[in-house]
There are 2 protein chains.
Amino acid sequence: MRTTIKQIAERSGLSVPTVSRILSNKGESHLLATRERVLQVARELGYRPNMSARAMRQGRTGTLALLQSGTDQARSLLPAELLAGLLAATAEYDLHLTVAAVPDARLTDQGFMPKILREWSADGLLINYNADIPKAMIELIQSHELPAVWINSMQSADCVYPDDERGGQEATERLLQLGHERIAYATMEGVGHYSDSARRRGYDAAMQRARKSVQHLIVFRHGNVGQESLTNANIEILKGSQAPTAIVCYNTQAVQATIHLATAAGVSTPRALSIIGFCVSPYEALGIRAIDTMVLPELEMGWSAVRMLIRKIEEPHISNAPLPIPYRFEGGWTTAPL
Amino acid sequence: MRTTIKQIAERSGLSVPTVSRILSNKGESHLLATRERVLQVARELGYRPNMSARAMRQGRTGTLALLQSGTDQARSLLPAELLAGLLAATAEYDLHLTVAAVPDARLTDQGFMPKILREWSADGLLINYNADIPKAMIELIQSHELPAVWINSMQSADCVYPDDERGGQEATERLLQLGHERIAYATMEGVGHYSDSARRRGYDAAMQRARKSVQHLIVFRHGNVGQESLTNANIEILKGSQAPTAIVCYNTQAVQATIHLATAAGVSTPRALSIIGFCVSPYEALGIRAIDTMVLPELEMGWSAVRMLIRKIEEPHISNAPLPIPYRFEGGWTTAPL
DNA sequence: CTGAAAGCGCTAACAA
DNA sequence: TTGTTAGCGCTTTCAG
């Protein structure tokens, strides 16, 4: 049977509360001898505290829950780095992280509610919805009394999100500073996420401030068209006399597409074409050392979200200002002065 | 304050156990009237059961824990599909999933133990270690009394893993059946995972059974060499008179590399070069509709692992036979008869 | 510095 | 069909 405090108390000839205090480091006012004895016995018996009991007594579960939008797509909606940040931060504050997904299909179901929202089993909620959040869901969560922080989503309060607009602007400014004038923005067809328009807004703003005209918007279609047509559709842009000398790419996929395109067009990077991309980390493409990257600060975002949520749990009625996380530039080998 | 069963009992003029029984569907022997009344009041007060209390009483937390090896690398060691499978399965059985990571750096630390192992807060353990598992860790977990199932790892019992050898063999056999004779195996430099050697063993076996000589092993180096040298290093293989007409690729990265290489060498797919890759899902590369893929059955693996663990929790002393999960072939547009 | 008593919210066993 | 009693393991008073 599992070892309990009571057993340790009996074995060491002390009372239950004494053992409890020592094992949970409450009050240093204990004889060194008793202390040692208790710890020794606990070790011998392989004691591990029953967190359910502790939680019930203290009114805190010691758990944060991540409510994650549909993971039924192949592409990871829960980026590894974000998860890493959440895990590191929760571990740091001695909390557990439980993950709950709301399948996209059920997102609009009226009746559906994930287990985590039907019960008291976490102290707070981290919400990472990449898709648009149904209004009903937002209200549900707000009426739910559980402290919550939004990740990757702009709300009026209690949210943490990457500063995409500023990121797009900074990427473009870097290229401008290198002397580039014809700078394009490249993205993938059908990206519904607000980050695409936000980065593009930043790009537009930088171009306008520099009094350069906004250049070719390159939109890559996903692969389900024939090899020839796809390549030819964009290849002219890179070969024309007004071809861009630099491109800001929306994501890793767009970077890959751009490189592929450049290879096919016989345009070499960075000699004739500079590239900055929004990637998870300085991406090593084939034949390329590393991409100049605006790194999405997922790790930091995870940490910030956890810290904000902990604050929220401690002071539920104070709402936190939205926290934009700046992108970090990491140099690679894909940009050069014009 | 949070609504409790007691409050519902008072409001509805019934006793606490009656309310408890109705709310947790125990025993159908209740008057319809009382039933309705209780449910009504519960709804009004927004009742949600306190899982800590329930867990303490029942000796079950209703939680499975995923112990995950270091997430400090950029590459996701927790594939989205696996997580999706685990989440779907735990939701199906009305269980929570908590995720705990052991940072690679601390993997060998003697003193280090993740919170989840220091406490009683889960009913069972799902272990997903991609790196080699230190022996000490295995023993620790085995001595830990908590029912455990290994994912992606071959143990003597209680484990679920993809059948890489058979997968490699099947991929190769498909190409042989298409009439190919010069078939290569392509992988990335420095892959430490056993899946590489297992798939390769399967490839070797298929080739030997067909009495074909094992062909060119193509090893792509990661991008940190100049574009020229990398391409040239492998390009000769595809241009030579004994060039392979088909390639089995270890992973998505190797597929990308192969396509890039083929593009550069002027070899078209699938006309002159067939490709089968081990990818997460039929990968849409640029200019390619979809890769012929041996799909890693991560979703199923997640489900199987959860089912096995639940069995293990119910009957801790019965050990489950290792469960190899077969790969699933999904056709694309990158293979053709010779 | 330590112990006795009480109770967190829930459910299982038994009694009515 | 419902109520009474008891107790899961732990921590928090408060008393000694």
Side-chain angles (χ1 to χ4, degrees), chain A residues 1-39 41-42 45-63 94 96 115 118-123 145-146, chain B residues 1-39 41-42 45-63 94 115 118-123 145:
Chain A
M1 198 36 209
R2 299 175 179 181
T3 306
T4 68
I5 277 192
K6 195 175 167 192
Q7 291 170 40
I8 298 177
E10 282 162 4
R11 271 253 212 171
S12 56
L14 290 161
S15 74
V16 166
T18 303
V19 173
S20 167
R21 271 177 303 227
I22 288 171
L23 288 180
S24 46
N25 294 317
K26 294 275 166 60
E28 279 99 64
S29 52
H30 280 285
L31 282 180
L32 207 69
T34 11
R35 240 193 125 62
E36 302 262 285
R37 187 144 43 106
V38 167
L39 293 175
V41 174
L45 299 182
Y47 172 74
R48 273 174 293 154
N50 180 324
M51 292 317 269
S52 303
R54 184 174 287 180
M56 186 159 68
R57 189 61 245 250
Q58 302 191 324
R60 289 256 177 116
T61 59
T63 297
D94 205 34
H96 285 296
K115 180 175 167 67
R118 290 191 321 255
E119 308 167 341
W120 289 108
S121 39
D123 301 330
E145 199 177 337
L146 208 54
Chain B
M1 196 37 208
R2 299 175 179 182
T3 306
T4 68
I5 276 191
K6 196 174 167 193
Q7 290 170 39
I8 298 178
E10 282 163 4
R11 270 251 213 172
S12 55
L14 291 161
S15 75
V16 167
T18 303
V19 174
S20 168
R21 271 176 304 224
I22 288 171
L23 288 179
S24 47
N25 294 317
K26 294 275 165 58
E28 280 98 63
S29 51
H30 279 286
L31 283 179
L32 206 70
T34 13
R35 242 192 122 64
E36 301 263 286
R37 186 146 42 109
V38 167
L39 293 175
V41 174
L45 299 182
Y47 172 75
R48 274 173 292 155
N50 181 324
M51 294 317 270
S52 303
R54 185 174 285 179
M56 185 160 66
R57 187 63 248 247
Q58 303 192 325
R60 288 257 176 115
T61 59
T63 297
D94 205 33
K115 179 175 167 65
R118 292 192 318 254
E119 307 168 343
W120 289 109
S121 40
D123 301 329
E145 198 177 338

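Quick note on labels: first sequence line is chain A, next is B, and so on, each numbered from 1.
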Student: Starting from P on D:dG7, measure out to CD1 on A:I5 and report it in whole angstrom.
Tutor: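 Rounded to whole Å, this separation is 19 Å.
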
Student: Take the protein atom CH2 of B:W120 and the nucleotide atom C1' of D:dC8, then report the distance between them rounded to whole Å.
Tutor: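 Distance, rounded to whole Å: 15 Å.
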
Student: So do the side chains of A:I8 and A:L23 get within less than 4.5 Å of each other, counting heavy atoms only?
Tutor: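 Yes, side chains in contact.
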
Student: Can you find a side chain N or O atom of A:S15 that sits less than 4.0 Å from OP1 or OP2 on C:dG3?
Tutor: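 True: A:S15 side-chain N/O within range (under 4.0 Å) of C:dG3 OP1/OP2.
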
Student: Quick check on D:dT12: is either OP1 or OP2 less than 4.0 Å from any side-chain nitrogen or oxygen of A:K26?
Tutor: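 So the side chain of A:K26 is within the cut-off, an N or O lying under 4.0 Å from OP1 or OP2 of D:dT12.
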
Student: Choose from C:dA13, D:dC14, C:dG9 the nucleotide whose nearest atom is closest to any side-chain atom of B:T4.
Tutor: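 Nearest to the side chain of B:T4 among the choices is C:dG9.
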
Student: Would you please confirm or rule out a distance under 4.0 Å between OP1 or OP2 of D:dT2 and any side-chain N or O of B:T34?
Tutor: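 Checking D:dT2 against B:T34, a side-chain N or O does come within under 4.0 Å of OP1 or OP2.
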
Student: Calculate the interatomic distance between B:K6 atom NZ and C:dT11 atom P; express it in whole Å.
Tutor: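 In whole Å, C:dT11 P lies 15 Å from B:K6 NZ.
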
Student: Under 3.5 Å, side chain of A:T3 to main-chain N/O of A:L45, donor-acceptor pair present?
Tutor: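 Judged by distance alone, yes, a pair lies under 3.5 Å.
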
Student: Write down the distance between CD1 (A:I22) and C1' (D:dT11), rounded to a whole number of angstrom.
Tutor: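 These atoms are roughly 14 Å apart.
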
Student: Check whether B:S24 reaches the backbone of B:S20 with its side chain - one donor and one acceptor, N or O, closer than 3.5 Å.
Tutor: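 Yes: the side chain of B:S24 pairs with the backbone of B:S20.
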
Student: Do other residues, nucleotides or ligands put more than 12 heavy atoms under 6.0 Å from B:R11 CZ?
Tutor: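 No, the 6.0 Å shell around CZ holds no more than 12 heavy atoms from other groups.
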
Student: Do the side chains of A:T4 and A:N50 get nearer than 4.5 Å, heavy atoms only?
Tutor: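 Not touching, per the 4.5 Å side-chain cut-off.
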
Student: Nearest whole Å is fine: how far is D:dC10 C1' from A:R2 CZ?
Tutor: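 Rounded to whole Å, this separation is 15 Å.
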
Student: Near DNA chain C, under 4.0 Å by heavy atom, which residues of residues 45-60 of chain B?
Tutor: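 Output list: B:Y47, B:P49, B:N50, B:A53, B:R54, B:M56, B:R57, B:Q58.
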
Student: For D:dT11, does either OP1 or OP2 sit under 4.0 Å from a side-chain N or O belonging to A:S20?
Tutor: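 For D:dT11, OP1 or OP2 has a side-chain N or O of A:S20 closer than 4.0 Å.
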
Student: Just the rounded figure in Å: distance from P of C:dA4 to CG of A:L14.
Tutor: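 It works out to 11 Å between those atoms.
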
Student: Between A:T61 and B:S52, is any pair of side-chain heavy atoms under 4.5 Å apart?
Tutor: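 Yes. Closest side-chain heavy atoms under 4.5 Å.
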
Student: Once you build an axis from the first five pairs and another from the last five of the helix from C:dC1-D:dG16 to C:dA16-D:dT1, how far apart in angle are they, to 10 degrees?
Tutor: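 Between the axes fitted at each end of the helix from C:dC1-D:dG16 to C:dA16-D:dT1 lies an angle of 30°.
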
Student: Is the shortest side-chain heavy-atom distance between A:V41 and A:Y47 below 4.5 Å?
Tutor: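 No - every pair of side-chain heavy atoms lies 4.5 Å or more apart.
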
